[in-house]
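This report refers to the structure that appears directly beneath it.
Values below: all heavy atoms of this structure, side chains included; hydrogens, waters and symmetry mates excluded.
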Amino acid sequence: MGDGRMVRYRLLVAGMVQGVGFRYYVNYTARLLQLTGWVRNLEDGEVEIEVQGPAGEVDQFLAAVRQGNRYAQVDEVRVKRLEPVLEHGFEVVG
């Protein structure tokens, strides 16, 4: 892709995103794009994601998260930029 800068974001995703396979969709998408980070459910019904990788691939990931999987309904995605960290792989942590 075009922009190879390494970026990291924390995403808070609101909507119908728990109990519909959304975390596994996020995990699959991140691994497909060779991104690192994690995804977990929060007690308030939102899903929290930290994702890191080249800016172009992370942009593709953000677009996929905003669309959601077949059973999810994404109402809002709040994005905060973070400093990249050294990590390997992407996982579902909760």
Side-chain angles (χ1 to χ4, degrees):
M1 303 287 130
D3 192 345
R5 283 179 304 117
M6 189 66 71
V7 297
R8 183 178 188 89
Y9 294 112
R10 174 177 293 131
L11 314 176
L12 290 172
V13 185
M16 195 175 76
V17 290
Q18 289 192 14
V20 292
F22 184 73
R23 287 176 301 160
Y24 300 97
Y25 164 77
V26 166
N27 184 48
Y28 173 80
T29 303
R31 289 172 179 260
L32 193 66
L33 294 168
Q34 299 183 336
L35 303 175
T36 62
W38 50 265
V39 58
R40 68 178 174 188
N41 283 341
L42 298 178
E43 288 184 13
D44 65 4
E46 293 187 343
V47 170
E48 181 180 22
I49 304 165
E50 284 197 13
V51 63
Q52 176 174 301
E57 282 80 354
V58 171
D59 285 347
Q60 290 180 55
F61 177 83
L62 292 174
V65 167
R66 285 186 174 103
Q67 179 177 340
N69 62 325
R70 166 189 281 180
Y71 302 106
Q73 178 184 327
V74 175
D75 294 333
E76 180 185 19
V77 180
R78 298 189 307 283
V79 180
K80 179 180 178 184
R81 185 137 188 192
L82 304 174
E83 285 299 313
V85 299
L86 183 60
E87 69 182 349
H88 302 282
F90 195 96
E91 60 185 334
V92 176
V93 296

For the pair N69 (side chain) and V20 (backbone), establish whether a donor and an acceptor sit closer than 3.5 Å, ignoring hydrogens and angles.
yes

Under the side chain to side chain contact (heavy atoms under 4.5 Å, CB included) rule, what do V77 and V65 come out as? Steps first, then yes or no, please.
CA-CA 8 Å; V77 180; V65 167; 4.3 Å; yes

Is there a path of hydrophobic side-chain contacts, each under 4.5 Å between heavy atoms of I, L, V, M, F, W or Y residues, that connects V93 with V39?
no

Rounded distance (nearest 0.5 Å) linking atom CD of E91 with atom CH2 of W38
10.0 Å

Check: A64 main-chain N/O paired with Y25 side-chain donor or acceptor under 3.5 Å:
yes

So which atom in R81 and which in Y9 form the shortest heavy-atom distance, rounded to 0.1 Å?
CA-CD2, 3.6 Å

If hydrophobic clusters are built from ILVMFWY residues whose side chains come within less than 4.5 Å, do V79 and V17 share one?
yes

Taking every heavy atom of Q52 against every heavy atom of V58, the minimum-distance pair comes out as C-CG2, 4.0 Å

Is the side chain of Q18 donor-acceptor paired with the backbone N or O of E46 at a distance under 3.5 Å, no angle test?
yes

May I ask you to test the V13-V74 pair for a side-chain heavy-atom distance under 4.5 Å?
yes

Rounded to the nearest 0.5 Å, how far does CZ of R40 lie from CZ of R23?
11.5 Å

Could you check whether any side-chain heavy atom of L32 comes within less than 4.5 Å of a side-chain heavy atom of Q60, counting everything from C-beta outward?
no

Roughly how far, to the nearest 0.5 Å, is CZ of F61 from CG of L35?
6.5 Å

Exceeds 12 heavy-atom contacts within 6.0 angstrom, atom CZ of R78
yes

What pair of heavy atoms forms the shortest contact from F22 to A72, and how long is it?
CD1-CB, 3.9 Å

Can you check whether F90's main-chain N or O pairs, donor with acceptor, with R31's side chain at less than 3.5 Å?
yes

For E87, does the CD atom sit with more than 12 other heavy atoms under 6.0 Å from it, leaving out its own atoms?
yes

To the closest 0.5 Å, what do you measure between NZ (K80) and CZ (R10)?
6.0 Å

For a side chain to side chain contact (heavy atoms under 4.5 Å, CB included) check, start with the C-alpha distance between T36 and M6, then their side-chain angles and the critical distance, and finish with the verdict.
CA-CA 11 Å; T36 62; M6 189 66 71; over 6 Å; no

Restricting to non-hydrogen atoms, name the atom on G15 and the atom on D75 that form the minimum distance, rounded to 0.1 Å.
CA-OD2, 3.3 Å

Contact check, side chains of L11 and L62, non-hydrogen atoms, under 4.5 Å:
yes

Hydrophobic cluster membership, Y24 vs L42, 4.5 Å side-chain cutoff
no

More than 12 heavy atoms of other groups within 6.0 Å of E76 CD:
yes

Calculate, to the nearest 0.5 Å, the distance between atoms CD1 and OG1 belonging to I49 and T29 respectively.
9.5 Å

